[in-house]
Number of protein chains: 2
Amino acid sequence: MPLSALTSSDPEPLAEALRPLLLRVSRRLRQEAQKAGVSALDALILGQIKRAPGVGVCDLADAEKLSRPTMSSHVKRLEAAGWVARADHVDDGRRSGLRVTPAGEARLEEIRKLRNDWLSVRLARLSPDGRDQLAQAALPLLQLLSLDA
Amino acid sequence: MPLSALTSSDPEPLAEALRPLLLRVSRRLRQEAQKAGVSALDALILGQIKRAPGVGVCDLADAEKLSRPTMSSHVKRLEAAGWVARADHVDDGRRSGLRVTPAGEARLEEIRKLRNDWLSVRLARLSPDGRDQLAQAALPLLQLLSLDA
DNA sequence: TCTTATAGTTAGGTCGTCTAACTATCTTTA
DNA sequence: TAAAGATAGTTAGACGACCTAACTATAAGA
């Protein structure tokens, strides 16, 4: 199945072709992020909290489709690093209202700079057409995720 | 930065937009594969060996950009499961020539069926345009990977 | 008030990855 | 041709990101 033969009509071969590509690309992404000393996940979670201050651990877990304990431990780590703070809810003693601290904002910026990275560099080496095709793919990728149960 | 504003001219915002999408999609991919009882990696490695019979552990590691010990342990697992066999090279006692056993072929088929999965189902729910845009993105994704040092 | 639901944590396990250090074999070169 | 270096692969031990099961604490409803 050459890539050029992929058509919009048949999802199966498209899935077979995309699966390994997506897995490999994201593996490289993680590897390079780790090499640069940044956790891709930290940026993701900090970004989420920044976008929705006061959000709770379970909200985040649901949004990212991660288990509650998993998210709990990530938040705990971010909190320990001083990048996230939690305030008890006024009217609900169970909830933690999360927000990004100034240090967290700084870290977010730092991450964005540090990972001036594998992906950007390789995107830059791509043809304009290639970049354009990837840009076009962003929306359907997002839809794929929001189509989630 | 709305997705619609992405242009081919500037790699940076494109990288910022694609990074979280790629990470999230591949996480879901792994999660669902695991739920279905298949390792996405097994399929990847079995496929590589099938495509290049006689290949060695280090070749595979280099091809997938994984460390040698990592690949070594995966191959050992596949061998233990009876899906891969190794023959000593005639002229080089260090190398293992790997090949996929009939059981391995069967497993590969089984994996393809078992994971009639998250990705296919969601691709099917996408608009034809969306699928087409993803199909268009396959080639640049591949180029991204081969652009690797 | 008793029960049930929700927010979050603790404990413990799995998987995929890494580096450091090793063995065994092959190749080169003094 | 013996010593030195390169290459194929493994072992040992660690880490990060994920999971489920079981728990605590608070809230809401019968």
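In the text below, chain A, chain B and the rest are named by the order of the sequence lines, each starting its count at 1.
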Query raised in the report: Counting any heavy atom closer than 4.0 Å, what does Asp62(A) reach on the DNA or RNA strands: base, sugar-phosphate only, or nothing?
Result: nothing
Query raised in the report: Are Lys76(A) and Glu79(A) within salt-bridge range, i.e. N to O under 4.0 Å?
Result: no
Query raised in the report: What nucleotide, of dC19(D), dT17(C), dG8(C), holds the atom closest to the side chain of Leu41(B)?
Result: dT17(C)
Query raised in the report: Rounding to a whole Å, what distance do you find between Leu60(A):CG and dT6(C):P?
Result: 18 Å
Query raised in the report: How close or far is atom P of dT17(C) from atom CD of Glu32(A), stated in whole angstroms?
Result: 14 Å
Report task. Figure out the CG/C1' separation between Leu29(B) and dC15(C), and round it to whole Å. Result -> 16 Å
Query raised in the report: Does the side chain of His74(B) get closer than 4.0 angstrom to OP1 or OP2 of dT17(C) through an N or O atom?
Result: yes
Query raised in the report: When all nucleic acid strands are considered with a 4.0 Å heavy-atom cut-off, which category describes Arg27(A): base, sugar-phosphate, or nothing?
Result: sugar-phosphate
Query raised in the report: Would one find a side-chain N or O of Lys76(A) under 4.0 angstrom from OP1 or OP2 of dT10(C)?
Result: yes
Query raised in the report: Can Leu60(B) and Leu66(B) be said to form a side chain to side chain contact (heavy atoms under 4.5 Å, CB included), step by step?
Result: CA-CA 8 Å; Leu60(B) 286 176; Leu66(B) 292 178; over 6 Å; no
Query raised in the report: Quick one: Lys65(B) NZ to dC18(C) P, roughly how many Å, whole number?
Result: 12 Å
Report task. Mind listing the closest non-hydrogen atom pair of Leu134(A) and Pro140(B) along with its distance? Result -> CG-CB, 3.8 Å
Query raised in the report: Looking at dC19(D), dG8(C), dG9(D), which one has an atom nearest to any side-chain atom of Ser96(A)?
Result: dG8(C)
**Report entry** Arg77(B) vs Asp59(A), nearer the 5' end of DNA chain C by closest nucleotide
**Finding:** Asp59(A)
Query raised in the report: At under 4.0 Å, does any side-chain N or O of Ser67(A) touch on OP1 or OP2 of dC18(D)?
Result: no
Requested in this report: Would you kindly give the CZ-to-P distance between Arg68(A) and dC18(D), to the nearest whole Å?
Outcome: 16 Å
Report summary line: On DNA chain C, more 5' by nearest nucleotide between Pro69(B) and Asp92(A) is Asp92(A)
Query raised in the report: Want to settle it: does Ala40(A) or Gly93(A) sit nearer the 5' end of DNA chain D, counting the closest nucleotide to each?
Result: Ala40(A)
Requested in this report: Determine the contact category for Asp88(A): base if any of its heavy atoms lies under 4.0 Å from a base atom, sugar-phosphate if only primed atoms, P, OP1 or OP2 are that close, otherwise nothing.
Outcome: nothing
Query raised in the report: Does Arg86(A) have a side-chain nitrogen or oxygen under 4.0 Å from the phosphate oxygens OP1 or OP2 of dT9(C)?
Result: yes
Query raised in the report: Is the closest basic N to carboxylate O distance between Glu110(B) and Lys113(B) below 4.0 Å?
Result: no
Requested in this report: Report the distance from atom CE of Met71(B) to atom P of dG9(D), rounded to the nearest whole Å.
Outcome: 11 Å
Query - Listed nucleotide nearest any side-chain atom of Arg95(A), set dG8(C), dA8(D), dT10(D) - result: dG8(C)
Query - Candidate nucleotides dT10(D), dA8(D), dC18(D), ranked by approach to the side chain of Val57(B) - the nearest - result: dT10(D)
Requested in this report: Starting from the C-alpha separation in whole Å, work towards a yes-or-no answer on side chain to side chain contact (heavy atoms under 4.5 Å, CB included) for Lys50(B) and Leu46(B).
Outcome: CA-CA 6 Å; Lys50(B) 185 178 177 181; Leu46(B) 282 175; over 6 Å; no
Query - Contact summary for Trp83(B) and Asp42(B), nearest pair of heavy atoms - result: CZ3-OD2, 3.8 Å
Query raised in the report: Checking all strands, does Ser39(A) fall into the base, sugar-phosphate, or nothing category for heavy-atom contacts under 4.0 angstrom?
Result: sugar-phosphate
**Report entry** Any Thr70(A) side-chain nitrogen or oxygen under 4.0 Å from OP1 or OP2 of dA17(D)
**Finding:** no
Query - d(CZ, Arg94(B); C1', dA8(D)) in whole Å - result: 6 Å
Query raised in the report: Between Gln34(A) (CD) and dC18(C) (C1'), how many Å, whole number?
Result: 8 Å
